[in-house]
Amino acid sequence: MNVHDSEIYAGLLDEMGYQEATDPQDADVILVNTCSVRERGEDKLFSQLGRLRGLKDGPSAHTPLIGVTGCIAQQRGSEIVEREGSVDFVIGTRAIHALPDVLRRAQEGEGSQVLTDDLVEFEAPTAKRQDHVKAFVTIMEGCNNYCSFCIVPTTRGLEIYRSAEAILDEIRGLSIRGYREITLLGQNVNSWLDPETGMGFAGLLEAIDRLLASDAAPGGIARVRFLTSHPKDLSPELINVMGRCTSVARHLHLPVQSGSDRVLQQMNRHYTQGSYLEQVEQLRRTIPGVGLSTDLIVGFPGETDDDFRATMELVERVEYDSFYSFEYSPRPDTAATLYDDDVAPKIKRERLIELQALGDSIQKRHNAAWVGRRAEVLVDGPSKRTPDDVAGRTSSNHIVNLRGGLELTGHLVDVDITSSGGHSLVGRAVSPPR
Ligand code: SAM
Ligand code: SF4
């Protein structure tokens, strides 16, 4: 979501006639787009601002305007300007479109500006996307869930939904422009509702699938992904629709956070290990070969060794293809700050290392099982492993490296998997690109 917000800011700057600078020293405007999900983001912001201050204090005649945007901007507002005098403006998550006005006023010499009003407009000026194969499409803003550890409802506000018509229009345009994959974005996409007709997310996926199969969206979107799904809102109907829609990728990111029912309750997540495992079973039954990934938190307040074992047990039972895992980090204005952050940092670290080692061994085993199989890969650019090769992803979201030049980028190819590593697969193209 932050990456896409940066693309929207880049689009706004582009429309105003700015070009991308290669070095902060040459920039007229510097925006620092921030994340506040964990405390580390805030620490990074202030050390980055400290470095940028040098550009204003230095001998150079060229003094950039410095702005802070994103979740920390929304949450801290004027505190940022008070703490770091080099900041000219602060724009919160729901006021992105104010950038042109804010910049104009800053150029006219107005002092520091702080804009954290709620001015959500979905019909953004065209985002300036860095990637020409895969595009993000926002379908909603905000979150109504108040998971007790999470700052997002405070920094991004309550849910607001973009209309199906506007979403389908953007997707049609992206397909005509040659994009091959889209990711629908929202904090909890499963709770999306069309503000005009009341249609739910499963209906939206079907409408997108119909659009992409029709002549109305010629070109190329071959895959639709979405982020993020909340288990409490993942309905059996949605799983069936995922199985039926040929354009919907066979992958689901389904954050579980913990395997302990007691911790899940304290996190205010509204599901249990048992109900989650039933969903996993339905997913695997309905969507053969579905890739599964998740988010996990260790060291939530009061997490005992038994609670952590329940998380390990869940991970072993689901056998995720990959996951993100984090040490719990207390965030201001969240319900979990009422609990004592009583898991010692050393224990949090040890649990994280143990969990990640389990994840690595499962991933290695899964990847090895791919050898000898054939998969359709969407090539998205150069390989990170060997710069002369290219890489892409399977529908199930596995990374595959293969021999071939950059002209394969943006094409689907059938690939025979020949070997596997810890985090990716290696294969050989066996079909012409399409
Ligand atoms: N909306 C998504 C969901 O329902 O799971 C997640 C959005 S959150 C921005 C991304 C991930 O950050 C979460 O799934 C969680 O694992 C992690 N996270 C959020 N707050 C955290 C905290 N206070 N400490 C550690 N990790 C946190
Ligand atoms: Fe945060 Fe929970 Fe909303 Fe996800 S669903 S953004 S974790 S409050």
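Given the structure is predicted, the values throughout are model-derived calculations rather than measurements. Both counts, for ligands and for their atoms, begin at 1 and track the order of listing.
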Check your understanding: Does any donor atom in the side chain of S258 or S260 lie under 3.5 Å from an acceptor atom in the other side chain?
Key -> no
**Study point:** Shortest reach to atom 9 (C) of ligand 1 by a heavy atom, considering only V37, V298, N2
**Key:** V37
Point to revise | Residue Q187 vicinity, atoms of ligand 2 by number, heavy atom under 4.0 Å | key: 6 (S)
Practice item. Return yes when R156 approaches ligand 2 closer than 4.0 angstrom through a heavy atom, no otherwise. Key: no
Study note, to complete from the structure: For Y328, the ligand 1 atoms with a heavy-atom partner under 4.0 Å come out as 24 (N), 25 (C)
Point to revise | Heavy-atom nearest neighbour of atom 16 (O) of ligand 1 within options H253, Q257, K232 | key: Q257
Point to revise | Between N33 and T69, a side-chain donor and acceptor under 3.5 Å | key: yes
Review point. Which is it for P255 and ligand 2 at heavy atoms under 4.0 Å: side chain, backbone, both or neither?
Key: neither
Check your understanding: Is the closest heavy atom of I297 to ligand 1 under 4.0 Å?
Key -> yes
Point to revise | Contact check: C150 vs ligand 1, nitrogen or oxygen atoms, below 3.5 angstrom | key: no
**Study point:** ligand 2-proximal atoms of V152, by part, heavy-atom distance under 4.0 Å
**Key:** side chain
Review point. Of L103, V81, V68, which meets side chain to side chain contact (heavy atoms under 4.5 Å, CB included) against F89?
Key: L103
Practice item. Using a strict cut-off of 4.0 Å, indicate which atoms of ligand 1 neighbour a heavy atom of R269. Key: 3 (C), 4 (O), 5 (O)
Exercise for review: Could you check atom 5 (S) of ligand 2 against the protein and tell me its nearest heavy-atom contact, residue, atom and distance included?
Suggested key: N145 ND2, 3.4 Å
Check your understanding: Can you find a heavy atom in the side chain of H398 that is under 4.5 Å from one in the side chain of R393?
Key -> no
Check your understanding: Counting only N and O atoms by type, is there a donor-acceptor contact under 3.5 Å from the side chain of Y271 to the main-chain atoms of V256?
Key -> yes
Point to revise | atom 25 (C) of ligand 1 - nearest protein heavy atom and its distance | key: E327 O, 3.4 Å
Point to revise | Shortest protein contact, atom 1 (Fe) of ligand 2 (heavy atom only) | key: C150 SG, 2.2 Å
Exercise for review: Between R38 and ligand 1, find which residue part has any heavy-atom pair under 4.0 Å and reply side chain, backbone, both or neither.
Suggested key: side chain
Revision key, fill the gap. One finds that the ligand 2 atoms under 4.0 Å from a non-hydrogen atom of H230 are 5 (S)
Check your understanding: Judging by distance only, is a nitrogen or oxygen of R331 under 3.5 angstrom from one on ligand 1?
Key -> no
Review point. Based purely on interatomic distance, does Q187 place a nitrogen or oxygen under 3.5 Å from a nitrogen or oxygen of ligand 1?
Key: yes
Review point. In terms of atom number and element, which parts of ligand 2 are under 4.0 angstrom from non-hydrogen atoms of C143?
Key: 3 (Fe), 5 (S), 6 (S), 8 (S)
Point to revise | Within 45° cone and under 6.0 Å: R129 NZ/CZ vs F136 ring | key: no
Point to revise | Within-cut-off N or O pair, D295 and ligand 1, under 3.5 Å | key: yes
Check your understanding: Looking just at side-chain N and O atoms, do D261 and T272 make a donor-acceptor pair shorter than 3.5 Å?
Key -> no
Practice item. Can you spot which of Q113, K56, R105 makes a side-chain hydrogen bond (donor to acceptor under 3.5 Å, both in side chains) with D88? Key: K56
Practice item. Check each atom of ligand 2 against the heavy atoms of Y146 and keep those under 4.0 Å away; list them by number with element. Key: 8 (S)
Revision key, fill the gap. Distance col, row L283:CG vs I239:CD1, nearest 0.5 angstrom, shows 4.0 Å
Review point. Have N268 and H270 got a donor and an acceptor in their side chains that come within less than 3.5 Å?
Key: yes
**Study point:** Donor + acceptor pair across side chains of Q356, S325 (<3.5 Å)
**Key:** yes
Practice item. Please determine, by modelled atom types, if H253 and D295 share a side-chain donor-acceptor pair under 3.5 angstrom. Key: yes
Revision key, fill the gap. So for F149 against ligand 1, with non-hydrogen atoms under 4.0 Å, the contacting part is both
Check your understanding: Out of P231, P153, C147, whose heavy atom sits nearest atom 2 (Fe) of ligand 2?
Key -> C147
Check your understanding: Do D321 and H366 have a side chain donor and acceptor closer than 3.5 Å?
Key -> yes
Check your understanding: Counting heavy atoms only, which part of R269 comes closer than 4.0 Å to ligand 2: side chain, backbone, both or neither?
Key -> side chain
Revision key, fill the gap. Only residue of Q257, R349, E327 satisfying side chain to side chain contact (heavy atoms under 4.5 Å, CB included) with V298 is E327
**Study point:** S329 N/O to ligand 1 N/O under 3.5 Å
**Key:** yes
